[in-house]
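Beneath this line is the structure, given in structure tokens, with notes to follow.
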Amino acid sequence: MLDSQTIATVKSTIPLLAATGPKLTAHFYDRMFEHNPELKDVFNMNNQRNGDQRQALFDAICAYAANLENLAALLPAVERIAQKHTSLNIQPEQYQIVGGHLLATLDEMFSPGQEVLDAWGKAYGVLANVFIQRESQIYQESENANGGWRERRAFRIVKKQPQSDVICSFVLAPVDGGRVIDFKPGQYLAVYINDDSMENQEIRQYSLTTAPNGEYYRIAVKREDQGKVSNFLHQQAKEGDVLYLAPPHGDFFLDVQPTTPVTLISAGVGQTPMLGMLNTLHDSQHQANVYWLHAAENGGVHAFADEVADIAGRMPNLSRHVWYREPGTDDVEGRDYQSRGLMDLSALRETLDDPQMHYYFCGPVPFMQHVGKQLLEMGVNADRIHYECFGPHKVL
């Protein structure tokens, strides 16, 4: 535990941090990658270039400083980050590297004096220890589970299948022929890519799109214009190739009773964790009503439509509603989609207005803000609203 003087000293720096903004974390990352370039094999450098990771770290630093006396308030964030860290195979010694660069950044930017640096050093040490302990538990749980492993394991692409104009799915089976660990529907796999065409090792997380089966995993990848890994997987990876995977991770997953009604809401590739949830609800013969609400630009980019329709044919308690923002000339209203434009939940308010309903959603951040706002306006309690951001977390 931190003493009162240390807490007071760290808290006294909050106004300075707030005034500096993400410039603080920009300096930190630039410094760290200059002195420890090997960490470029761990971090998603695209998130560095677009500023998302720097903003996320700045928000996390400010939240920690503000909650030194109430660390319990940080536990959800700790779990989310610990799950991501273990997918990246973060090790305890790397916390020492990060801590050293954090203190050096504070010193170089502010020259706050040794008392402040010592206080931040103590505070960082406490937080680092929380992460190290939790991540050690996660590593051990993954390794000890039936079909589990630690760090990375070789998998072969046994099926590669286009699902839309921009999304391709990959079925991955272990090269060693053994069982694969089960996962919670909504979790993701970290895929490690080492290729001569890339300057650094690249690691990306992709949601699991089937129910657990013990034999293989399936992920789906959207091709992004500037996406190194997504373009590699779409254009170069082929059936028979070997990829390396970390065990499934993630703090966003379906967690309901068989009698709990569920609404799964998505846009674009955000449907991938929802699809894993839907397949699990189907396989478990979920007793309550399930609603599948999806938004896409048009039929050309609407992935897994046939799979969802097939599930609906075998799941009488499943209802579907699809929005196309700009339907194509071949898209037929009533067959391919039910509504034009942006997703509007008001038309379904009577159907969705159930005090027991839990809502899970994923998609682009503006879409999730749009959905979250509508759910709150419908009077849905925040504890029944669950969402995930692809990439660094954002509070909606």
Side-chain angles (χ1 to χ4, degrees), residues 1-44 47-48 51-139 251 392-395:
M1 296 295 293
L2 296 170
D3 59 86
S4 58
Q5 182 58 47
T6 296
I7 292 173
T9 301
V10 171
K11 282 183 173 289
S12 71
T13 66
I14 292 177
L16 181 61
L17 300 180
T20 306
K23 291 180 181 178
L24 171 72
T25 45
H27 184 100
F28 161 79
Y29 278 119
D30 290 343
R31 188 185 202 284
M32 184 172 68
F33 291 136
E34 178 183 355
H35 289 84
N36 294 93
E38 72 276 8
L39 293 180
K40 292 181 180 181
D41 286 339
V42 177
F43 285 84
N44 183 336
N47 289 335
Q48 293 296 322
D52 286 351
Q53 186 62 52
R54 299 179 178 202
Q55 181 68 53
L57 178 61
F58 174 74
D59 293 342
I61 289 173
C62 291
Y64 179 51
N67 287 280
L68 289 174
E69 297 165 301
N70 182 27
L71 294 183
L74 300 175
L75 290 180
V78 167
E79 182 64 16
R80 181 174 59 252
I81 295 170
Q83 292 286 337
K84 181 64 69 69
H85 280 181
T86 47
S87 80
L88 299 172
N89 194 32
I90 298 298
Q91 298 298 311
E93 56 268 22
Q94 291 172 314
Y95 280 95
Q96 297 180 5
I97 296 173
V98 169
H101 289 301
L102 176 61
L103 296 181
T105 294
L106 294 172
D107 192 25
E108 291 166 2
M109 292 194 72
F110 308 126
S111 299
Q114 197 59 46
E115 181 183 359
V116 171
L117 294 176
D118 288 345
W120 265 102
K122 291 180 183 178
Y124 175 81
V126 168
L127 183 62
N129 189 54
V130 170
F131 277 112
I132 289 170
Q133 290 187 22
R134 176 59 186 138
E135 288 161 19
S136 176
Q137 293 173 346
I138 296 172
Y139 284 129
D251 70 317
H393 185 73
K394 294 179 175 65
V395 177

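Between Thr6 and Lys122, the shortest heavy-atom contact is OG1-CD, 3.6 Å. Closest of all the heavy-atom pairs between Ala65 and Trp120 is CB-CH2, 4.0 Å. The heavy-atom pair separating Leu74 from Ala63 by the smallest distance is CD2-O, 3.9 Å. Looking at every heavy atom in both residues, Ala66 comes nearest to Lys11 through O-NZ, 3.0 Å. Minimum heavy-atom separation, Tyr139 to Gln91: OH-NE2, 3.8 Å.
With Ser136 contributing its side chain and Ile132 its backbone, the two residues share no donor-acceptor pair below 3.5 Å. A donor-acceptor pair under 3.5 Å links the side-chain atoms of Tyr64 to the main chain of Ala123, judged by distance alone. Not a single donor-acceptor pair under 3.5 Å links the side chain of Tyr95 to the backbone N or O of Ile90.
Put simply, OH on Tyr29 and CZ on Phe43 are 5.0 Å apart, with the number rounded to the nearest 0.5 Å. Put simply, CG on Leu68 and CG on Leu71 are 6.5 Å apart, with the number rounded to the nearest 0.5 Å. Summarising the geometry, atom OG1 belonging to Thr25 is positioned 7.0 Å from atom CD belonging to Gln55; distances are rounded to the nearest 0.5 Å. To the nearest 0.5 Å, atoms CZ (Arg80) and NE2 (His85) are separated by 11.0 Å. Atom CG in Leu88 sits 11.5 Å away from atom CG in Asp41 (nearest 0.5 Å). Interatomic distance, CG of Leu127 versus CG of Asn67, reported as 11.0 Å (0.5 Å rounding).
Partners of Phe110 by ring pair (Phe, Tyr, Trp, His ring centres under 6.0 Å), not counting sequence neighbours: none found.
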message: With side chain to side chain contact (heavy atoms under 4.5 Å, CB included) as the criterion, how do Leu106 and Val116 come out once you've worked through the C-alpha distance, each side chain's angles and the decisive distance to 0.1 Å?
response: CA-CA 9 Å; Leu106 294 172; Val116 171; 5.8 Å; no
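Applying the salt bridge (Lys or Arg N to Asp or Glu O under 4.0 Å) test to residues at least two apart or on different chains, the pairs with a partner in residues 95-121 are Arg31-Glu108.
In this structure the side chain of Met109 never reaches within 4.5 angstrom of the side chain of Phe28, judged on heavy atoms. For the pair His27/Thr20, no side-chain contact is recorded, criterion being any heavy-atom separation below 4.5 Å from C-beta on. Annotation: side chain of Val10 is not in contact with side chain of Leu17 (no heavy-atom distance under 4.5 Å). The shortest distance between side-chain heavy atoms of Tyr124 and Leu102 falls below 4.5 Å.
No side-chain donor from either of Gln83 and Ser87 sits under 3.5 Å from a side-chain acceptor of the other.
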